[in-house]
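Report on the following structure.
We count ligands from 1, going down the list as the structure has it; atoms in each ligand are counted the same way.
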Amino acid sequence: MKKLGEHAIVIGAGMSGLLAARVLSDFYTIVTVLERDAFPAADTPRKGVPQGRHTHGLLARGSAVLEEFFPGYNSEVIAQSGGLIGDVANDVVWIGRNVRLANGASDLIGLLASRPVLEGHLRRRLMRLPNVRAIDNCTVRGLATDPVRRRVTGVRTYIEGKPEETVNADLVVDATGRGASSAAWLEELGYPPPANEKVEIGISYMTRTYRRRPTDLDGKQGIVIAGSAPHWRNGVMLAQESDSWIVSAGGYLGDDAPDDDEGFLAYLATLPTMEIHDVVASAEPLSDYRRYRYASNLRRRYEKLARFPENYLVFGDAICSFNPVYGQGMTVAAEEALALQRCLQPGSNDLARRFFRAAAKIVDIPWDIAVGNDLRHPLVEGARPLMLRFINWYIGKLHLAATRDSTLATSFLKVVNLMMPPSSLLSPAVAMRVWQGNRRRVLSVPSPAIEAARRNGASS
Ligand SMILES: Cc1cc2nc3c(=O)[nH]c(=O)nc-3n(C[C@H](O)[C@H](O)[C@H](O)COP(=O)(O)OP(=O)(O)OC[C@H]3O[C@@H](n4cnc5c(N)ncnc54)[C@H](O)[C@@H]3O)c2cc1C
């Protein structure tokens with residue numbers, strides 16, 4: 001492939017930064033990844049990625065793209081670290097709108113492993129490329145530019161105990177995550193910062209890991225519960241390496257899960273199914289409780305900026321992060337990596353404008369899914385145009401019909417997995433199944449009250 005320059009820098013060695021570096025390695029002679037944290041010797045959580053202690057799973061699309069960039073990646077995670085692959089539509093229970101989607105075999109193959117394992121394998125694969133190097137314990141403090149500040153020429157780095165240094169590059173990519181400083185750095189250089197779109201949801205996820213027994217959850221690999229009235233509490237339990245479950249739960253606007261056994265179990269009992277509760281009630285805990293506060297869905301509209309310096313990009317969560325209940329963030333990073341590859345193929349001219357446009361199209365879909373779902377909560381503030389209300393109504397009907405129709409459930413999960421566009425759910429074939437499914441009575445997940453009554457009845 002034609003080289004576009006001598007040196008590219010990626011700031012941040014999270015999933016996004018590693019994927020961006022993989023793409024850049026085809027177009028630049030040397031690629032340097034600069035990371036503030038120390039790289040851990042084992043695949044353990046680290047300070048710069050606090051979400052790494054919480055439930056992560058790689059959706060089918062993300063898993064396929066990683067395999068494309070690093071052939072054998074999925075099987076390495078499984079063989080070397082005990083990750084699991086599974087059919088997202090058949091091996092995982094999906095509950096939304098208080099109903100359970102019918103399971104059925106599909107071609108949606110996802111990858112389950114903890115976030116440190118997913119990242120560790122990616123980093124090691126990247127480091128095997130001869131023209132990529134990574135420097136840890138290295139904080140980027142700002143950008144270097146040409147005298148008229150039209151183009152970025154490098155970054156200012158700081159390594160403890162050493163003077164600040166400028167490292168030159170032909171392209172700099174900011175992949176420093178949700179807390180990225182790009183907006184501030186741009187302002188320092190006299191550029192307008194991007195407009196922020198924010199939807200406050202005030203969720204905090206409480207997470208703990210447990211020993212997984214083969215009979216748990218009827219042998220399924222996971223369960224995802226997107227909260228609905230009356231409690232609006234989300235819950236996720238996914239299998240991961242070392243025969244363990246990782247369990248996260250949290251509600252909206254400060255409705256936090258407690259970090260004590262009794263309180264956590266009582267909280268789990270308010271989910272629309274007792275399945276997570278029942279596993280947790282009898283499983284051996286393998287970790288402490290830990291909390292992650294997720295204040296808002298946050299999108300920075302770089303694609304709308306009229307002025308932006310040359311040779312600079314922003315990538316991954318640094319552009320957009322949204323409620324992770326559907327687990328889409330890493331898959332978005334993978335899609336952005338493909339978009340970056342497509343943008344670089346014809347050359348680096350006008351790269352920022354072309355990339356931000358492509359990234360915005362990618363982000364639109366998971367943003368609409370996650371934020372659209374959050375806006376069903378009556379106290380979450382945000383505009384609810386007629387179209388959104390129609391879509392939420394239609395998706396509700398789709399859920400009802402999909403309790404018995406696994407083909408329909410898979411159509412929905414293909415959209416969640418970023419395999420198909422949301423418009424596919426409005427096709428005549430899908431709409432017909434939704435209509436037909438709603439003509440029949442629907443089997444809902446037992447509500448906690450119903451479940452409690454059933455248990456009391458059974459024990460008396
Ligand atoms: C609770 C929770 C659960 C989630 N679950 C899922 C899931 O199941 N599936 C999924 O696909 N996604 C999930 N996500 C989203 C996912 O974690 C992110 O979207 C994804 O990891 C991409 O992150 P990133 O690489 O852009 O940023 P990050 O992972 O935040 O990485 C940023 C990196 O930049 C480094 N850095 C920061 N500042 C500097 C600096 N100045 N100089 C040098 N380095 C710097 C940091 O140390 C870090 O290594 C979840 C998120 C949360 C919060």
Near G48 (heavy-atom distance under 4.0 Å), the atoms of ligand 1 are 46 (C), 47 (O), 48 (C)

So the atoms of ligand 1 within less than 4.0 Å of a heavy atom of G14 turn out to be 25 (O), 31 (O), 33 (C), 49 (O)

re atom 51 (C) of ligand 1, the protein heavy-atom contact at minimum distance is P324 CB, 3.7 Å

From the list N417, V415, V416, side-chain contact (heavy atoms from CB on, under 4.5 Å) with M419 holds only for N417

Exercise. Do the numbers put R233 on top of the ring of Y267, so that NZ or CZ is under 6.0 Å from the six-membered ring centre and no more than 45° off the axis?
Worked result: yes

Practice item. Determine whether the aromatic ring centres of F315 and F355 lie less than 6.0 Å apart. Key: yes

* To do: Kindly indicate whether the side chain of L24, heavy atoms from C-beta on, has any atom under 4.5 Å from the side chain of I9.
  => no

heavy-atom search around atom 20 (C) of ligand 1 in the protein gives R115 NH1, 3.6 Å

Nearest non-hydrogen protein atom to atom 46 (C) of ligand 1, with distance, is E35 OE2, 3.5 Å

For R208 and Y210, the nearest pair of non-hydrogen atoms, with its separation, is CD-OH, 3.3 Å

Next item on the list: Examine distances only and state if a side-chain atom of W185 and a backbone atom of R141 form a donor-acceptor pair shorter than 3.5 Å.
Entry: yes

heavy-atom search around atom 5 (N) of ligand 1 in the protein gives T55 O, 3.0 Å

So the atoms of ligand 1 within less than 4.0 Å of a heavy atom of L34 turn out to be 43 (C), 44 (N)

Margin query: Against the six-membered ring of F69, is R125 placed for a cation-pi contact (under 6.0 Å from the centre, within 45° of the normal)?
Written below: no

So for R36 against ligand 1, with non-hydrogen atoms under 4.0 Å, the contacting part is both

**Message:** Would R46 count as a contact residue for ligand 1, given that I'm defining contact as a non-hydrogen atom of the residue lying under 4.0 Å from a ligand atom?
**Reply:** yes

**Asked** Does S181 reach ligand 1, in the sense of a heavy atom lying below 4.0 Å from it?
**Response** no

Per-atom filter on ligand 1: closer than 4.0 angstrom to a heavy atom of I11 are 42 (N), 43 (C)

Out of S16, G110, C320, the nearest non-hydrogen contact to atom 22 (C) of ligand 1 is supplied by S16

of all protein heavy atoms, closest to atom 27 (O) of ligand 1 is G177 CA, 3.3 Å

Exercise. Does any N or O in the side chain of T153 come within less than 3.5 Å of the main-chain N or O of A144, such that one atom is a donor and the other an acceptor?
Worked result: yes

shortest atom 41 (N) of ligand 1-to-protein heavy-atom contact is with V140 O, 3.1 Å

Residue, atom and distance of the protein heavy atom nearest atom 7 (C) of ligand 1 read G327 CA, 3.4 Å

**Prompt:** Hey, does F264 have a side-chain heavy atom less than 4.5 Å from the side chain of L268?
**Reply:** yes

Min N/O separation L58 to ligand 1 under 3.5 Å: no

Quiz item: Run the side-chain contact (heavy atoms from CB on, under 4.5 Å) check on D91 and L84 step by step: do they pass?
Solution: CA-CA 11 Å; D91 299 325; L84 302 90; over 6 Å; no

Between N234 and Y326, is any side-chain donor less than 3.5 angstrom from a side-chain acceptor?
no

Distance col, row Q221:CD vs L238:CG, nearest 0.5 angstrom, shows 9.5 Å

Under 4.0 Å between heavy atoms, the region of L59 that gets near ligand 1 turns out to be neither

### Query
Does G62 have a heavy atom less than 4.0 Å from any atom of ligand 1?
no

So the atoms of ligand 1 within less than 4.0 Å of a heavy atom of T139 turn out to be 41 (N), 42 (N)

Numbered in order shown, the ligand 1 atoms found under 4.0 Å of a heavy atom of H54 are 1 (C)

The closest protein heavy-atom partner of atom 14 (N) of ligand 1 is H56 NE2, 3.4 Å

Is P192 close to L305 at the side-chain level, that is, under 4.5 Å between some pair of heavy atoms? yes

The atoms of ligand 1 lying under 4.0 Å from a heavy atom of A175, numbered in the order shown, are 32 (C), 33 (C), 34 (O)

Contact region, V49 to ligand 1, non-hydrogen atoms below 4.0 Å, reads side chain

Looking at G12, P366, A334, C138, the heavy atom closest to atom 34 (O) of ligand 1 belongs to G12

To the nearest 0.5 Å, atom OG1 of T270 lies from atom CH2 of W232 at 13.5 Å

(request) Might you work through the side-chain contact (heavy atoms from CB on, under 4.5 Å) test for V363 and E336, ending with a clear yes or no? (result) CA-CA 9 Å; V363 165; E336 286 179 12; 3.6 Å; yes

Under 4.0 angstrom from ligand 1, any heavy atom of A333? no

Ligand 1 to Y292, heavy atom cutoff 4.0 Å, flagged ligand atoms 53 (C)

